Amino acid sequence: MSRTPRDSLHTASYVTPAGADWLASASRSPRGVHALWAEDPAASVPLPCGTAFDVVSMDPLFGRRVVSRLWTDGPGTGPVAAQGGRVMLFATPGAAQRLPALLGWEEWSGTAPPLLCYGWGDTVTVPPLYPLDPGPGEPEPPAEIASYDAPSPRWLVAPDVRSPWLPGPEALLWACVRAARTLRAPVGTDADDTAVTSAPALFPG
């Protein structure tokens, strides 16, 4: 059963057994993925995109603003990871193809850092099931999403159900447009005071 982030906020930095089942379902051999994790839960595993999820990779600062927008004013996010100095947002299958086309219509595209979209035919490496250095527990999103440039791959919002809610291209467009406006806004002004007529009227803000 799929749940939206508003139904139950993700609070863990580790993947639950149900979340691991969802990640493994992206592979043609889910049992093989589980076998790898059983041998080494701290292993980063490559998984194909396009069936269970797509992935949108963002510059860490811009990604932080996008995730913050989704949590504070929008529908929330699905799983989010920090990998290779970038923020990885897991999205609905097909979003990787649709989002760049939508963004091509927006004026911000030349201002914001480039997005890397991974969909059908692409592979991404997901962080380990458990953090390499667990440390103390973290508060609930979005407050805990404070540092994206972690020294090692980790989950910022870990998958915890077999069918997690994932943002689609329209929700990501909405958040990207508003995050980009904060990059362009003059110092001392409120970027939200400027209307954006080309963004979909799906969420408040």
Side-chain angles (χ1 to χ4, degrees), residues 3-14 53-92 95-96 99-100 102-103 106-118 126-127 131 135-151 153-160 164-196 198-205:
R3 298 185 300 176
T4 69
R6 296 307 183 193
D7 294 331
S8 176
L9 289 178
H10 300 266
T11 59
S13 59
Y14 61 87
F53 54 78
D54 282 359
V55 171
V56 179
S57 175
M58 303 181 178
D59 168 88
L61 177 59
F62 185 68
R64 175 178 181 174
R65 294 180 177 182
V66 169
V67 172
S68 177
R69 279 293 182 180
L70 287 168
W71 274 109
T72 57
D73 299 323
T77 70
V80 182
Q83 177 99 333
R86 296 180 68 85
V87 175
M88 298 168 56
L89 276 75
F90 286 69
T92 55
L99 181 59
L102 293 175
L103 294 177
E106 299 298 337
E107 298 178 357
W108 72 269
S109 57
T111 303
L115 307 182
L116 302 178
C117 298
Y118 300 94
V126 301
E138 300 181 8
E140 292 182 344
E144 98 284 17
I145 305 178
S147 177
Y148 291 86
D149 52 350
R154 67 176 182 130
W155 291 102
L156 303 174
V157 180
D160 60 354
W165 182 87
L166 300 173
E170 292 83 5
L172 292 174
L173 171 67
W174 174 87
C176 285
V177 168
R178 280 152 181 77
R181 284 162 59 187
T182 66
L183 295 179
R184 297 186 304 180
V187 176
T189 64
D190 185 354
D192 286 332
D193 289 339
T194 304
V196 175
S198 54
L202 299 178
F203 310 108

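Keep in mind that what you see is a predicted model, and the values were worked out from it rather than measured.
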With rounding to the nearest 0.5 angstrom, report the [atom1] to [atom2] distance, [X] to [Y].
| X | Y | atom1 | atom2 | value |
| --- | --- | --- | --- | --- |
| Arg69 | Thr77 | CZ | OG1 | 15.5 Å |
| Leu102 | Cys176 | CG | SG | 10.0 Å |
| Asp54 | Tyr118 | CG | OH | 12.0 Å |
| Leu89 | Phe53 | CG | CZ | 13.0 Å |
| Thr92 | Leu172 | OG1 | CG | 7.5 Å |

Between [X] and [Y], what is the shortest heavy-atom contact and its length?
| X | Y | answer |
| --- | --- | --- |
| Pro127 | Ala81 | CG-CB, 3.6 Å |
| Gly76 | Trp165 | O-CZ3, 3.4 Å |
| Ala179 | Val66 | CB-CG2, 3.7 Å |
| Ala95 | Pro100 | O-CD, 4.1 Å |
| Pro79 | Leu166 | CD-CD2, 3.6 Å |
| Val157 | Gly78 | CG1-O, 3.7 Å |

Check: According to the interplanar angle, ranging from 0 to 90°, do the rings of Phe90 and Trp155 count as parallel (below 30°), tilted (30 to 60°) or perpendicular (above 60°)?
Finding: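 Rings of Phe90 and Trp155: tilted, 30 to 60°.
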
Next item on the list: Determine whether Trp71 and Val80 make a side-chain contact, defined as any pair of heavy atoms from C-beta on separated by less than 4.5 Å.
Entry: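 They are not in side-chain contact.
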
Margin query: Which residues pass the side-chain hydrogen bond (donor to acceptor under 3.5 Å, both in side chains) test with Ser57, not counting sequence neighbours?
Written below: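 Partners of Ser57 under the side-chain hydrogen bond (donor to acceptor under 3.5 Å, both in side chains) test: Arg86.
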
